[in-house]
Amino acid sequence: MTASGVSEFSRPVLVRTLRGASADSPREISVTATEAECARIALRLGLPDVASLTCRYELFPQTGHTVQATGSMTARLSQLCVLTLEVFEDVIAERFVIRFVPASEHDGSFDENGELDEIDDVPYDGDVIDLGEAAVEQLSLTLDPYPRRPGVARPPAILTEDDISRQEDEGEVEERPNPFAALAKLKRDGS
C-alpha cells in the first residue's frame with residue numbers, strides 16, 4: 001500500500017457475494033494488474049520492472065465472516081542480480097492458501113493449540129476483501145531477497161549458511177582463534 005493507504009493494485013470483493021460458495025464448489029475470481037498498476041507494484045517492491053501480475057483465486061466462506069482463498073499467481077518481472085548487478089527477467093508461478101479474517105477476529109494466525117497456523121490470516125475491515133492487495137503481498141513474500149541471474153555462479157570465496165553447516169557436519173571447519181584469548185594472554189604477559 002502507498003503512504004496514503006491506497007493499494008497499488010486493488011480488486012475489492014464483497015464478502016456477502018461469496019455466499020453459496022463452498023470448499024467443494026468455490027467461487028473463482030481472476031485479477032490482473034494493468035500496466036500502470038504493474039509500474040506502481042514495481043516501485044513498491046523495489047523492482048526494476050513488473051511486466052505482468054495475474055492471480056486466480058478459488059474462494060469460499062468459512063465460519064463467521066472468514067473467507068478461505070487458494071491462489072495461483074503468475075508474474076513476469078525484472079530483478080537486479082546481487083552478484084553482477086545486472087537486471088534480468090524472471091517468471092514467478094506460485095500457489096498459496098490464505099484466510100481473510102475480520103480485523104476484529106484476527107488473533108495472529110495461531111491455531112487452537114496456540115501453534116503458528118500453516119495458513120496465513122489476512123485481516124480485513126468492513127465487508128470487503130482486497131484480492132489485488134493480497135496478490136501483491138504474496139508476490140513480495142515469494143521474491144528471493146538475494147536474486148541471482150540464472151547461470152551466474154557464486155564466487156567460491158563467499159560461503160553461504162548451508163556451506164558452513166555442511167563443513168561443520170563434515171568436520172572441515174577450522175577452529176578460529178579467539179581474539180579475546182589473545183588479549184587475555186597479552187594481559188597475563190604484561191602483568
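Residues Y146 and L143 are members of separate hydrophobic clusters, defined by side-chain heavy-atom contacts under 4.5 angstrom among Ile, Leu, Val, Met, Phe, Trp and Tyr. Under a hydrophobic clustering in which Ile, Leu, Val, Met, Phe, Trp and Tyr are joined whenever their side-chain heavy atoms come within less than 4.5 Å, directly or via other members, V87 and V82 fall into different clusters. Hydrophobic cluster membership is shared by V15 and I98, with clusters built from Ile, Leu, Val, Met, Phe, Trp and Tyr side chains linked at under 4.5 angstrom. Hydrophobic clustering, with ILVMFWY side chains joined whenever heavy atoms are under 4.5 angstrom apart, keeps V13 apart from F60.
Here CZ of R148 is found 8.0 Å from SG of C81. Values are rounded to the nearest 0.5 Å. Distance CD/E137 to CG/L45: 10.5 Å, rounded to 0.5 Å. Distance check, rounded to the nearest 0.5 Å: CD1 of I119 to OG1 of T70 gives 8.0 Å.
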In sequence, state the C-alpha distance, the side-chain angles, and the governing distance for Y57 and E28, and then conclude on side-chain contact (heavy atoms from CB on, under 4.5 Å).
CA-CA 6 Å; Y57 288 96; E28 293 186 16; over 6 Å; no
Step by step, work out the side-chain contact (heavy atoms from CB on, under 4.5 Å) result for L53 and I41.
CA-CA 9 Å; L53 173 61; I41 293 166; 3.8 Å; yes
Set out, in order, the CA-CA distance, both residues' side-chain angles and the distance that settles side-chain contact (heavy atoms from CB on, under 4.5 Å) for V67 and L18, then state yes or no.
CA-CA 8 Å; V67 175; L18 301 175; 3.6 Å; yes
Begin from the C-alpha positions of L139 and I92 and carry the test side-chain contact (heavy atoms from CB on, under 4.5 Å) through to its verdict.
CA-CA 8 Å; L139 176 60; I92 294 177; 4.1 Å; yes
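For the pair D130 and F100, the tightest heavy-atom approach, listed with the atom from each and the gap, is O-CE2, 4.2 Å.
Between D120 and R99 there is no salt bridge, since none of the side-chain N atoms of the basic residue sits less than 4.0 Å from a carboxylate O of the acidic one. We find that E133 and R44 are joined by a salt bridge, their nearest charged nitrogen and carboxylate oxygen being less than 4.0 Å apart. A salt bridge links E37 with R11: at least one charged nitrogen is closer than 4.0 Å to a carboxylate oxygen.
Judged purely by distance below 3.5 Å, without hydrogens or angles, the side chains of S30 and R56 never pair a donor atom with an acceptor atom.
Crowding of R149 atom CZ: a count of heavy atoms from other residues, nucleotides or ligands under 6.0 Å exceeding 12.
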